[in-house]
Every structure is written in C-alpha cells, then in structure tokens.
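Okay, so here's the structure we're looking at.
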Amino acid sequence: MEREMAASYEPKLHSEIRIFGSSDEILTDLAEYISQVSEISVKERGYFAIALSGGPLVSFLSKLCEAPYIKTLDWSKWYIFWSDERAVAKNHADSNYKLTKEGFLSKVPIMSGHVYSINDSATVEDAATDYEFVIRQLVKIRTIGVSESTDCPKFDLILLSMGSDGHVASLFPNHQALELKDDWVTYITDSPQPPPERITFTLPVINSASNIAILAMGVDKANAVHSAVSDSSDGPDAPASLPARMVQPTDGKLVWFLDKAAASSLEALCDDAYQQQHREY
Ligand SMILES: O=C1O[C@H](COP(=O)(O)O)[C@@H](O)[C@H](O)[C@H]1O
C-alpha cells in the first residue's frame with residue numbers, strides 16, 4: 001500500500017506515507033496498523049497506551065469494533081488518553097470524549113478505569129495541570145513508557161487528525177504553544193476554531209511517542225499535506241511553524257494515512273517531477 005513518491009516527497013527518515021483510493025481502504029489498513037502496534041506494545045511492555053484525537057478520526061476506528069479485532073485484541077491492556085480536548089462538558093457535541101465514547105469506547109471492552117479523559121469541570125489551566133499530573137503518575141509506574149532521549153512520556157501510539165490549516169491536536173499554526181519545551185500538556189484560550197478554550201499535548205510529548213499516525217482526508221487538506229511533508233524548508237508552501245510539519249518523532253515512527261484527494265498536491269508535483277526527468281533525458 002506504500003506508494004513510491006518523487007524525490008522531493010521521499011518520506012523523511014522514520015516516516016511513511018500511505019495513500020488510499022477509498023475510505024474503506026483507510027479503515028481496513030488503519031485497523032490492521034493499530035492492531036499490530038497494540039500487539040507489539042503489549043508483548044514488549046505489557047500495556048498499550050494510545051492517545052486519540054477528535055475530528056473524523058474516531059469514525060475511522062470502526063473496523064476495530066468488528067471481527068476479527070473485537071475478539072483478537074487484548075483490550076484489557078489498552079489505556080486511552082486524548083491528545084487534545086475542547087473545554088466543553090463531556091456531553092457537549094464538541095467534546096472529543098463524547099465523540100470517542102459514542103463512536104468507539106461504547107463498542108469495545110476497554111475497562112472504564114483505563115480511560116483517562118480530561119477534566120471538564122475545571123478551568124482549562126487546571127484541567128491541563130491535572131492531566132499532566134495523571135500522566136506523570138502513569139509514567140512513574142510505566143503504564144506509559146518514558147523516552148530515554150527526552151524524558152517525556154512515550155505513548156505507544158498517538159493518533160492525530162490534521163485540520164486543513166495544518167493543525168494537529170489543538171496546536172495551531174504560529175501559536176506560541178508550539179514553542180513549549182518543558183510542559184507535557186498545555187491549554188489555549190484563543191483557538192482559531194471554536195471552541196476557543198482547549199487542552200492539548202505539546203510537541204515534545206507528541207514527538208516522543210513510539211508511533212504517530214496522522215490522518216488527512218479530502219481535498220481541503222491537500223495544501224497542508226504538501227506543506228507538511230515537503231522537503232523544502234522555506235517558501236510559502238512550507239511554513240516553519242505548521243504544526244503537522246513539526247511532528248517529527250524523536251525515536252519513533254510517523255505514518256501518514258491519506259486519501260487521494262488529500263494527497264493530490266503531492267501527486268501533481270510527483271507527476272511534474274516525473275515529466276521533468278523525462279524531458280531532461
Ligand atoms: O479541533 C480538532 O480538529 C482536529 C481535526 O481537524 P478536522 O478539520 O479534520 O476536523 C483534531 O485533530 C483535533 O483533535 C480536534 O480537537
């Protein structure tokens with residue numbers, strides 16, 4: 001399923017770009033990918049600590065709720081976290097927890113005590129502090145691993161869905177939260193997309209994960225995908241502070257799951273590069 005890209009879109013070190021012809025193909029491959037990461041984590045560490053996001057991602061977990069995965073996965077070892085949450089009540093339509101509960105958690109046998117949702121009754125500042133505290137406790141007892149390079153939590157898998165502006169989790173382009181080095185979890189009060197108040201993992205935590213997957217579907221994501229994976233380090237197409245571009249695993253591996261529409265800018269450039277090569281010979 002991996003696709004060969006033209007020179008300037010060679011996936012960066014420790015990253016892979018998968019392009020699919022249909023949503024169903026993404027669902028199928030993503031389920032198999034998560035299943036494999038889960039099996040390896042449980043075998044190597046005894047746990048599987050996964051951080052989810054909002055957006056369309058949850059609907060792409062549907063195959064995990066069906067055969068064979070519903071029976072084959074060791075759900076008792078799964079620990080659920082969120083890479084970001086909106087500061088709304090858990091029963092609000094904008095809540096990433098509500099989305100995940102309805103679309104995934106209610107359909108699989110994950111223990112409720114293993115689900116670490118973000119406090120919806122505190123201020124965003126306190127909720128971020130609380131969440132970081134909880135994660136620190138779980139790192140101490142190694143339910144979540146620790147990165148030897150960064151001392152940050154090392155989630156077995158962080159699943160991200162990229163917005164059309166290139167944001168991931170609740171890290172938005174040019175936002176000062178992108179510069180945080182020491183915090184694991186932070187909050188923002190000025191999200192460019194509603195709701196304005198959100199809690200989010202910081203880049204050091206995201207980049208310390210063993211595995212990171214970024215999903216992007218639809219033509220509205222094509223420019224951001226291009227900017228995020230392009231090799232060129234300057235120019236309007238590759239803004240240095242595009243959050244998705246700043247996802248660069250320290251020791252882990254990044255996999256992009258794209259549909260053809262989201263990959264269309266890459267394909268156009270690949271074709272150009274191909275034609276250019278043939279003109280030169
Ligand atoms: O606000 C959020 O959006 C992104 C995904 O953006 P979308 O445009 O694809 O809906 C998601 O990753 C994040 O968790 C969520 O809070």
Side-chain angles (χ1 to χ4, degrees), residues 1-6 8-12 14-34 37 50-63 82-84 96 99-100 103-104 157-175 178 191-193 198 200-201 203 206-207 209 211-232 236-249 252-270:
M1 201 54 78
E2 191 177 352
R3 192 184 163 119
E4 201 182 320
M5 309 301 290
S8 58
Y9 291 97
E10 281 288 321
K12 291 172 188 152
H14 306 307
S15 78
E16 184 186 335
I17 299 172
R18 301 183 186 182
I19 302 172
F20 301 90
S22 69
S23 298
D24 204 58
E25 283 178 25
I26 300 183
L27 292 173
T28 303
D29 195 66
L30 184 66
E32 188 52 29
Y33 165 82
I34 296 171
V37 175
I50 176 173
L52 303 170
S53 301
L57 189 140
V58 173
S59 61
F60 279 80
L61 302 178
S62 62
K63 295 258 184 210
W82 276 265
S83 68
D84 79 314
N96 285 343
L99 195 70
T100 316
F104 179 58
L157 174 60
I158 297 184
L159 284 179
L160 301 167
S161 172
M162 187 191 71
S164 51
D165 59 355
H167 84 266
V168 289
S170 281
L171 295 169
F172 290 89
N174 304 310
H175 197 283
L178 294 170
S191 163
Q193 290 173 20
R198 290 153 177 253
T200 183
F201 281 1
L203 278 172
I206 292 174
N207 285 334
N211 297 279
I212 309 166
I214 307 182
L215 262 78
M217 271 81 64
V219 71
D220 60 314
K221 311 264 169 103
N223 285 344
V225 166
H226 173 223
S227 301
V229 307
S230 159
D231 273 348
S232 94
D237 279 352
S241 69
L242 191 79
R245 186 179 173 83
M246 299 169 90
V247 176
Q248 293 167 5
K253 185 172 176 200
L254 167 63
V255 182
W256 284 86
F257 290 82
L258 306 174
D259 67 2
K260 283 192 172 160
S264 54
S265 297
L266 304 185
E267 292 183 322
L269 275 148
C270 289

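Residues take their numbers from the sequence shown, with the count starting at 1. What you see below is based on every heavy atom in this structure, not just the backbone, and it leaves out hydrogens, waters and symmetry mates.
For S264 (side chain) and A222 (main-chain N/O), no donor-acceptor pair under 3.5 Å exists by modelled atom type. One N or O on the side chain of D259 and one on the backbone of G218 form a donor-acceptor pair closer than 3.5 Å. Remark: the backbone N or O of D84 is paired with a side-chain donor or acceptor of N96 at under 3.5 angstrom. S230 places no side-chain N or O within 3.5 Å of a backbone atom of S227 that could act as its donor or acceptor partner. Listed for the D220 side chain is no donor-acceptor partner under 3.5 Å among the backbone atoms of S164.
Residue G166 comes nearest to L242 through the heavy atom pair CA-CD1, 3.9 Å, listed as atom of the first residue, atom of the second, then distance. When all heavy atoms are compared, the tightest approach of I212 to P249 is CD1-CB, 4.0 Å.
In this structure, S170 and S191 have side chains that are not in contact, with every pair of non-hydrogen atoms separated by 4.5 Å or more. Counting heavy atoms from C-beta outward, E16 and L254 have side chains that stay 4.5 Å or more apart. Contact annotation: the side chain of S161 never approaches that of F60 to less than 4.5 Å [non-hydrogen atoms, C-beta and beyond]. Side-chain contact between Q193 and H167 is present, with at least one heavy-atom pair separated by less than 4.5 Å. Considering only heavy atoms from C-beta on, E25 stays 4.5 Å or farther from L27 through its side chain. In this structure, the side chains of L171 and F201 stay at 4.5 Å or more apart for every pair of heavy atoms.
Atom CG of residue L30 and atom CZ of residue R18 lie 9.0 Å apart, to the nearest 0.5 angstrom. Separation of atoms CG (L57) and CG (L215) is listed at 5.5 Å; rounding is to 0.5 Å. The distance from atom CG of N174 to atom OG of S241, rounded to the nearest 0.5 Å, is 3.5 Å. A distance of 8.5 Å separates CD1 of I158 from CG of N207, quoted to the nearest 0.5 Å.
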side-chain contact (heavy atoms from CB on, under 4.5 Å) between L258 and L266, intermediate numbers included: CA-CA 11 Å; L258 306 174; L266 304 185; 4.2 Å; yes
Verdict with supporting geometry, D29 and K63, salt bridge (charged side-chain N to carboxylate O under 4.0 Å, His left out): CA-CA 9 Å; D29 195 66; K63 295 258 184 210; over 6 Å; no
Derivation of the side-chain contact (heavy atoms from CB on, under 4.5 Å) call for F172 and L178: CA-CA 8 Å; F172 290 89; L178 294 170; over 6 Å; no
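For V58, the side chain to side chain contact (heavy atoms under 4.5 Å, CB included) partners are L99, T100, F104, not counting sequence neighbours. Remark: A244 engages M162, V168, A228, W256 in a side chain to side chain contact (heavy atoms under 4.5 Å, CB included) (not counting sequence neighbours).
The aromatic rings of F20 and F257 sit parallel, their planes meeting at an angle under 30°, below the 60° perpendicular limit.
One side chain, S53 or S83, offers a donor N or O that lies under 3.5 Å from an acceptor on the other.
Evaluated for a side chain to side chain contact (heavy atoms under 4.5 Å, CB included) with N211, the options V255, L159, V37 yield exactly one hit, V37.
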